[in-house]
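Reviewing the structure listed below.
For the numbers below, each heavy atom of this structure counts, side chains included, while hydrogens, waters and symmetry mates do not. Protein chains get the first letters and strands the later ones, always in sequence-line order, with residue 1 at the start of each.
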Amino acid sequence: MLGATASPHLSPPYLYSNPYSFQDRKQFLIKLQKCKSIKQAAPIHAHIIKNGNKNDPFILFELLRVCSRSCSIEYASKIFRKTSNPNVFLYTAFIDVFISSGAYSDGIRTYFQMVRDFILPDNYIIPLVLKACGSALDLNSGEQIHCQAMKLGLCSDRFVRLKLVELYGKCGEFSDAKRMFDEMPQRDVVASTVMISCYLDHGLVRKAMDEFWLVSTKDNVCWTAMIDGLARNGEMNMALELFREMQMEGVKPNEVTIVCVLSACAQLGALELGKWVHSYVEKYNIEVNHIVGSALVNMYSRCGDIDEAASLFEDLEARDVTTYNSMIVGYALNGKSTEAIKIFQRLIRDGIKPTSITFSAVLNACSHGGLVDIGFDIFESMKTEYGIERRIEHYGCMVDLLGRVGRLQEAYDFIQRANIAPDNIIWGSLLSACRIHKNFELGERVAKILMEYGAADSGTYILLSNVYASLGKFKEAAQVRAKLREEGVQKEPGCSSIEVKNEIHEFLLGDIRHPEREAIYNKLKELDDMLKSEDYAPETDVISQDIEEHEKKWALSIHSERLAICYGLISTKPCTTIRVVKSLRVCNDCHSVIKLISKITQRRIVVRDRNRFHHFENGVCSCGDYW
DNA sequence: CTAGGGTTAG
């Protein structure tokens with residue numbers, strides 16, 4: 001490899017003629033086992049070659065293991081290509097390099113190559129490649145390997161079975177998965193966890209739960225898988241409930257559990273519970289590695305406590321690019337554009353390589369802050385300075401940025417000029433800008449482009465119908481709504497939630513399920529009357545046109561965020577901040593009303609919508625009325 | 001003399 005073998009006087013004629021070689025060989029093996037990266041291994045490798053051990057299969061095996069740890073496919077391929085007659089061990093190690101780098105199909109291909117070369121698979125390599133088939137959702141290869149395992153009599157092996165369950169489960173073949181699972185001699189917690197995770201991956205929450213309760217000794221991984229899966233399926237409250245139950249059962253959460261629970265808190269905006277989890281981390285000495293650190297920063301910023309997020313970020317011992325990303329996203333979400341850019345600059349100064357996500361975050365911050373020039377500088381630098389491919393979401397940020405400051409025609413030209421095919425999100429954001437800046441001519445042009453797409457989501461349709469409504473073109477607005485219905489695009493129900501005394505209360509449009517509904521609606525009425533004296537006129541144009549005007553007003557005032565705020569007003573102490581999380585974007589009318597409510601009640605109201613935070617204080621919103 | 005469970009943030 002390094003050309004050292006060319007000089008015969010450097011290599012002994014026989015492999016172990018050097019009396020020190022045996023000793024050296026053992027040392028090499030030990031040293032390689034300790035290597036975390038190929039960089040650390042390179043000098044040892046050079047030494048190995050000089051010493052004449054370079055064809056030793058055990059040494060080669062350890063070298064390939066190092067490649068696995070540092071995802072060095074190229075280095076591994078070079079080594080492997082030079083081995084003559086690789087055995088099943090070397091194949092296993094080599095394939096593992098592909099799989100741990102995420103190159104599943106290359107791993108699977110190499111396995112079939114091995115079989116063609118008449119090397120018999122063993123009970124180690126079969127589970128390895130089955131795992132790859134599962135991860136790549138390659139059912140076809142998986143079934144072939146299943147057959148081979150049967151012919152070789154390996155199907156009774158516990159690990160083979162585990163991976164068969166995983167393969168079929170991940171591919172959604174639940175009857176096969178269940179059969180593999182049930183045929184296992186004793187159902188163990190690991191196999192159950194695999195089944196549960198697979199159900200949850202496919203949204204089968206009920207089935208996962210049933211299986212979960214059947215596990216007699218649930219360990220923390222099993223609990224974690226269930227908690228995380230619930231959160232991923234939008235069952236945030238159930239996830240947190242299970243977390244409490246886990247502790248009552250005396251099962252100690254690990255780092256992963258903490259990360260999953262923090263993520264659920266972040267999504268829910270459950271600040272109090274998030275804080276509690278944070279104190280739990282400190283109390284039980286759970287290691288704040290960079291993943292836990294990022295999750296904490298993320299939780300605080302998504303719960304609207306950006307100051308706490310920032311001070312935590314400063315105190316972290318382990319920071320990597322994702323930690324920085326979380327902080328940038330946090331500042332952007334909370335409307336602190338300059339701070340976001342400062343973190344970005346610090347990241348660069350600290351010599352960390354930014355990722356595609358870093359740029360989405362920082363460009364998003366520029367867009368929220370209307371920082372056009374800085375935004376374009378950073379956008380340009382992506383390719384020229386950092387060699388990162390600019391993707392559709394980055395172009396989207398730029399369109400957003402131009403749109404926000406009202407440079408609509410430029411935004412349109414930018415889309416036309418971009419060497420990337422615009423999607424409906426990009427057109428949608430321009431459409432939204434046209435509506436806010438009341439450029440209906442361009443708005444309609446964009447609307448027509450969007451209609452041609454056909455594949456628009458419910459948000460796009462609603463935006464479109466709102467533009468028509470604003471133009472007074474009610475017939476077209478109605479047509480869009482009709483099209484929405486006829487194409488079966490589900491309008492996602494808006495849901496707002498508020499955390500009061502460690503409990504999350506959820507409200508839908510016009511919700512009357514809450515036990516304190518009467519007090520809530522009384523408050524709503526009371527505020528409504530006060531608003532009248534504040535010269536407030538509802539913006540009913542955002543409501544579909546097939547209902548009466550007075551009904552429209554009512555439809556607006558029972559928007560979920562108002563119900564949540566009213567509940568906050570009656571259930572929390574005066575002067576405390578009210579924090580509400582909404583699943584959709586805040587509508588224009590609610591935005592103006594909440595501004596007024598913050599003024600009338602002298603409360604700080606923090607609303608997180610689908611895209612960002614609105615910090616309302618004394619009649620003003622941090623978003624500057626553009627979102 | 002070589003090796004293998006299930007659950008992590010944006």
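- Distance from the side chain of A:D228 is smallest for B:dA9 among the nucleotides B:dA3, B:dG6, B:dA9.
- The shortest distance between the side-chain N/O atoms of A:K131 and the OP1/OP2 oxygens of B:dG6 is below 4.0 Å.
- Under a 4.0 Å N-O distance rule, the pair A:R346/A:E314 qualifies as a salt bridge.
- Note on A:D122: a base of the nucleic acid sits closer than 4.0 angstrom, heavy atoms only.
- When distances are taken from the side chain of A:F159 to each of B:dA3, B:dG5, B:dC1, the shortest belongs to B:dG5.
- Put simply, CD1 on A:I59 is 17 Å from C1' on B:dA3, counting in whole angstrom units.
- In this structure B:dG5 sits in the syn conformation; its chi angle is within 90° of 0.
- Nucleic acid contact for A:N325: base, since at least one base atom lies under 4.0 Å from a heavy atom of the residue.
- The side chain of A:R161 places no N or O atom within less than 4.0 Å of a non-bridging phosphate oxygen (OP1 or OP2) of B:dG4.
- Within the nucleic acid shown, A:D96 has no heavy atom closer than 4.0 Å to any nucleic acid atom.
- Proximity note for A:Y124 (side chain, C-beta onward) versus B:dG4, B:dA9, B:dG6: the nearest is B:dG4.
- Once the 5.5 Å centre distance and the 30° plane angle are applied, the aromatic ring of A:F58 is found stacked with the base of B:dC1.
- A:M184 places its CE atom 11 Å from the C1' atom of B:dG6, with the value rounded to the nearest Å.
- At a threshold of 4.0 angstrom between heavy atoms, the contacts of A:V189 include nucleobase atoms, whether or not backbone atoms are also involved.
- With B:dC1, B:dA9, B:dG6 as the choices, the nucleotide that has an atom nearest any side-chain atom of A:T322 turns out to be B:dA9.
- Looking at the side chain of A:L29, the nearest of the listed nucleotides B:dG4, B:dT7, B:dC1 is B:dC1.
- Counting non-hydrogen atoms under 4.0 angstrom, A:S197 reaches the backbone sugars and phosphates but no base.
- Of the side-chain N and O atoms in A:R69, none sit less than 4.0 angstrom from OP1 or OP2 of B:dA3.
- Comparing B:dT2, B:dG6, B:dA9 against the side chain of A:V194 picks out B:dG6 as the nearest.
- Rounded to whole Å, the distance from CG on A:D201 to P on B:dT8 is 8 Å.
- Between A:F243 and A:Y280, the ring-plane angle classifies as perpendicular under the 30° and 60° cut-offs.
- Side-chain atoms of A:K163 lie closest to B:dG5 of the nucleotides B:dA9, B:dT7, B:dG5.
- Per the geometry, CG belonging to A:N254 stands 14 Å off P belonging to B:dG6, to the nearest Å.
- When every heavy atom of A:V165 is checked against every heavy atom of A:M180, the shortest pair comes out as CG2-CB, 3.6 Å.
- When distances run from any side-chain atom of A:R302 to the nucleotides B:dT7, B:dT8, B:dG10, the shortest one goes to B:dG10.
- Nearest to the side-chain atoms of A:I357 among the listed nucleotides B:dA9, B:dG5, B:dG10 stands B:dG10.
- Where stacking is scored as ring centres under 5.5 Å apart with planes under 30°, A:F61 does not register as stacked on the base of B:dT2.
- Among the protein residues, A:D157 comes within range of the nucleic acid bases, having at least one heavy atom under 4.0 Å from a base atom.
- The listed nucleotides are B:dA3, B:dA9, B:dG6; the one nearest the side chain of A:V221 is B:dG6.
- Between A:R579 and A:E499 there is no salt bridge, since none of the side-chain N atoms of the basic residue sits less than 4.0 Å from a carboxylate O of the acidic one.
- If you take CG of A:N364 and C1' of B:dG10, they are 12 Å apart, rounded to a whole angstrom.
- If you take OH of A:Y111 and C1' of B:dG4, they are 15 Å apart, rounded to a whole angstrom.
- Between A:S356 and A:E393, the closest heavy-atom pair is OG-OE2, 4.4 Å.
- When rounded to the nearest whole Å, the span between CD of A:E166 and P of B:dG4 equals 16 Å.
- For A:D188 against B:dG5, a side-chain-to-base donor-acceptor contact under 3.5 Å is absent.
- Side chain A:R158 to base B:dG4: no donor-acceptor pair is found below 3.5 Å.
- Checked by atom type, the side-chain pair A:T358/A:T355 shows a donor-acceptor distance below 3.5 Å.
- Sparse packing is recorded around CD of A:E317, with 12 or fewer heavy atoms of other residues, nucleotides or ligands lying under 6.0 Å away.
- Taking the ring centre of A:F359 as origin, the terminal cationic atom of A:R390 falls outside the region bounded by 6.0 Å and 45° from the ring axis.
- The side chain of A:N298 places an N or O atom within less than 4.0 Å of a non-bridging phosphate oxygen (OP1 or OP2) of B:dG10.
- For A:T92 against B:dA3, no side-chain N or O and base N or O form a donor-acceptor pair under 3.5 Å.
- In this structure, A:M114 places its CE atom 14 Å from C1' of B:dA3, rounding to the nearest Å.
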